[in-house]
Each structure stands twice: as structure tokens, then as C-alpha cells.
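Here is the structure we will look at, set down as C-alpha cells.
What's counted below: heavy atoms across the whole structure, side chains too, no hydrogens, waters or symmetry copies. Counting starts at 1 for both ligands and their atoms, in listed order.
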Amino acid sequence: MPRYAQLVIGPAGSGKSTYCSTMVQHSQAFNRSVQVVNLDPAAEHFDYPVMADIRELIQVDDVMEDDSLRFGPNGGLVFCMEYFANNFDWLEESLGHVEDDYILFDCPGQIELYTHLPVMKQLVEQLQQWEFRVCGVFLVDSQFMVESFKFISGVMAALSAMVSLEIPQVNIMTKMDLLSPKAKKEIEKYLDPDMYSMMEDNSDTIRSTKFKKLTKAICGLIDDYSMVRFLPFDRTDEEGINIVLQHIDFSIQYGEDLEFKEPKVKKQNTAKYKSEIHYPNNVSLTNKLIKKDSSVLGCPLDPVEVVGDTRIVTKLLSIMEDTSHPLQETVTSLGSFFSDRLLHPRCLKERYCRFFLPAESDCTVKLPVVQFTHLQTVQ
Ligand SMILES: Nc1nc2c(ncn2[C@@H]2O[C@H](COP(=O)(O)OP(=O)(O)OP(=O)(O)O)[C@@H](O)[C@H]2O)c(=O)[nH]1
């Protein structure tokens, strides 16, 4: 039986310890066992019960006081983490071997641990050897994300952790309860961001043409491959916490009665574009989870197809309203000379075809008539 782990990471003060204690309380309320391991040798305060604490192995203060080492706080922490990497047997002993256990690892906030130092990667590999399915949970303080250029930095930090750890990663904006109503409204655009318009917003703040081009290329890459998305986290909102937990559970296939199913290859003779609609490959698994949560919450929740459709339609409408969006050019060039219909796109960017031009049948249900006439594809 697999074991499950969340590696709770992110910059200093982003709310990692608070996230862990909130998750423990939330899980207890649903009779679910979740344990926490503190991996921050400099931790001073946290209010969750620990299963294991790295400070039993080594503490930053002791390292800093050592006259032969002469480390400051950051050097001391790196030394502690390297010492930890050489002593994983301590962790193995502390964790024991309980099948099906679910553990949160509250990690230190030094960002270099998730960019270029090998320690966290070594930890992930070790956990995987102990049969853990590991998900990275990258936290960023939402207050530092409400402006385009700050958001782009946050995205890059999250991406850097994703690249360095090579595990499924759920990115979260924390402390949503601290945002003003205006900022809350503003943050919506960062939860489902359009990096191209983000770049436009930002273009006045970047003076150098070279950097403008670089930022544009980076934003384009992130947008084209849907690389980074954030979920909101408000510790006072049980439903929101549940949604975050669902995403994480889904990424590590948590659930004793749920088996991972290989995505089925769709039959060739179905509608040409229908097979390219982008719902998660294991839709039925997601819907099972949604049903479960719906019964726990006592209120009906939409199945994943409905949520997916709504998102696609919203995205399409926002693109259609934004005359500067690069897709406008593509769509205009696809207009038929004879009617309002769109010709079959032969986009170089595969994602545009797949994400923004859903099958005809799906559009007919939801789009207003005016938009619908522009979205039909000629087959
Ligand atoms: N209002 C509010 N405050 C929060 C939330 N999350 C964290 N905080 C506060 O932010 C501060 C830092 O939170 P921590 O949970 O210690 O952050 P951390 O990432 O573990 O910090 P380091 O271990 O130093 O990297 C604390 O004062 C928390 O009370 C939140 O969701 N809402």
C-alpha cells in the first residue's frame, strides 16, 4: 500500500506552519488522520502536534554557536539540512512504517533549498523509496501577488521549485483573509491568469527593451503550456480548504478504494475535435471524489465536465473581449469568406487548438448565440 506525503514549501513567512495546523484541524473534523513532521531546524513556533521534529536531530542555534563552524543563520540552516540529508535513517526511524499514512512535511523557508541545493530533491527520492507518493505544496503570500510584476516573480519561484523537485505540485496563495475587498476582486485575475495581458500591464514598468522581450517570452512559455496555476487558501473557509485538499489528494491518488486508471484512448470515429477536449484523463475518478466531497459538505457540487466547460467558455469570452490578445489575430485569420463560421485552425501552437476551440456541441449549450456563430468549426 502506498503512503502519502505533502512537502509544504515556499518562502519564509508564507504560512507553511499555519497551513499544516489548519490542514490537521480540518482533517480531524472529517475523521481523517493527517500527521505533521517539522523539518525546519530554525522553527520557533508552531501549533500542531508533531510526529517528528528535526530539532531532535539538529538545531540551527547549536550550529551557529559552534566556534569551529562560524555560520550565520542562513549558512547554519543549509548546514543543518545537509546534515539531515546524511542522516535520513533518523527520519525513517521516526516515521516508522504505517501503510496508508498521510504526512505533511513542514519545510524551511530558505528559497535556495528549492532552486539549486540538492537536499530537498534527495528527500523526495528517499520518500519515494519508502513508497510515499509525494506532492509539493508551494505557498506564496497572496498579499505579494496582487500586482503583475510581483505575480510573475511568484510564478517563477513556483516554477523553479517544480523544475527542481520533479513532483506534482499544487501552488497556493495563502492569507486570503487578509486581503481587502478590492484586492480580493483584483486577485481573481491572478488565479486564472492570462500571462499575455499580464505582460501588457507590466510593459510600462520595464524600461529595457531586452528585458521586455525576455519577460514576454517567459510569460508566453508559461501561458502556452499552462504551467503554473494558483489556488486560494483562506484558513477560515472550510470549503476552500477542502478544495485545496482535493486537488492535492487527486495529484497523489489518495483514497483507499480508488484505483489509478490509465487514460483510455478514445475511438477514432468520435467527433473529430471532441477527443481533444481537455478534461483530466481520469474524469470518473475526479467525479467520484467530487461526489464524496459533495456528500461530506451536504451540498451539490458540479461534475468536472461542467466546471471545465465553464472555465473554457469564460476564457473564450475574456479573449474575445480583449482586442489586444494574440489569439484575436489567429481567430480573425480563420474567419470564413462566406459565412460567420471559423475554419479549422491549423495552429502551430497545439494548445490553442485544444484549449480555446472546444467541440461544437459543447459550445452550443453554453455560449450566447452571437458568440456561437463565431465558434463553430468547419469539419
Ligand atoms: N491572517 C492570517 N495570518 C496567517 C495565515 N497564514 C499565516 N499567517 C500568519 O503569518 C505569519 C507567518 O506564518 P507561518 O505559518 O509561521 O509561516 P511559515 O511559512 O511557516 O514561516 P517560516 O517557517 O518562518 O518560513 C504568522 O504570524 C501567522 O499567524 C493566514 O492564512 N491568515
### Query
Counting heavy atoms only, which part of D234 comes closer than 4.0 Å to ligand 1: side chain, backbone, both or neither?
neither
### Summary
With heavy atoms and a 4.0 Å threshold, my read on which part of T18 contacts ligand 1 is both
### Query
If we ignore angles and hydrogens, is there a donor and acceptor under 3.5 Å between the side chains of D141 and Q143?
yes
### Query
Which of the listed options, Q110, M176, K175, R235, holds the heavy atom that is closest to atom 29 (O) of ligand 1?
R235
### Query
Is it true that L117 and L127 fall in one hydrophobic cluster, defined by side-chain heavy atoms closer than 4.5 Å?
yes
### Message
Suppose I only count heavy atoms of A12 and a 4.0 Å limit; which atoms of ligand 1 are within that range?
### Response
25 (O)
### Query
Does the ring-ring contact (aromatic ring centres under 6.0 Å, His included) test come out yes or no for F233 and Y19, once each step is laid out?
CA-CA 9 Å; F233 187 82; Y19 167 89; 5.2 Å; yes
#### Entry: Any non-hydrogen protein atom less than 4.0 Å away from atom 14 (P) of ligand 1
yes
### Donor + acceptor pair across side chains of Q6, Y102 (<3.5 Å)
yes
### Task
Determine whether L191 and F138 fall in the same hydrophobic cluster, where Ile, Leu, Val, Met, Phe, Trp and Tyr are linked whenever their side-chain heavy atoms lie under 4.5 Å apart.
yes
### Query
Are D106 and S17 linked by a side-chain donor-acceptor pair shorter than 3.5 Å?
yes
### Query
Does an N or O from P108, backbone or side chain, lie closer than 3.5 Å to an N or O of ligand 1?
no
#### Entry: Short side-chain donor-acceptor distance under 3.5 Å, S21 and D47
yes
### Query
Would you say Y19 and ligand 1 have an N/O pair spaced under 3.5 Å apart?
no
### Numbered atoms of ligand 1 (with element) below 4.0 Å of D177, judged on heavy atoms
1 (N), 2 (C), 30 (C), 31 (O), 32 (N)
#### Entry: Protein heavy-atom partner closest to atom 17 (O) of ligand 1 - residue, atom, separation in Å
G15 N, 3.1 Å
#### Entry: Heavy atoms from other residues, nucleotides or ligands near NE2 of H26 exceed 12 (cutoff 6.0 Å)
yes
### Query
Hey, which atoms in ligand 1 end up nearer than 4.0 Å to a heavy atom of G13?
12 (C), 17 (O), 18 (P), 19 (O), 21 (O), 22 (P), 24 (O), 25 (O)
### Task
May I ask whether atom 5 (C) of ligand 1 is less than 4.0 Å from at least one protein heavy atom?
yes
### Query
Looking only at N/O atoms, are K16 and ligand 1 under 3.5 Å apart anywhere?
yes
### Query
Are side-chain N/O atoms of Q110 and N74 paired as donor and acceptor at under 3.5 Å?
yes
### Message
Give the atom numbers and elements of ligand 1 that come within less than 4.0 Å of a heavy atom of D40.
### Response
23 (O)
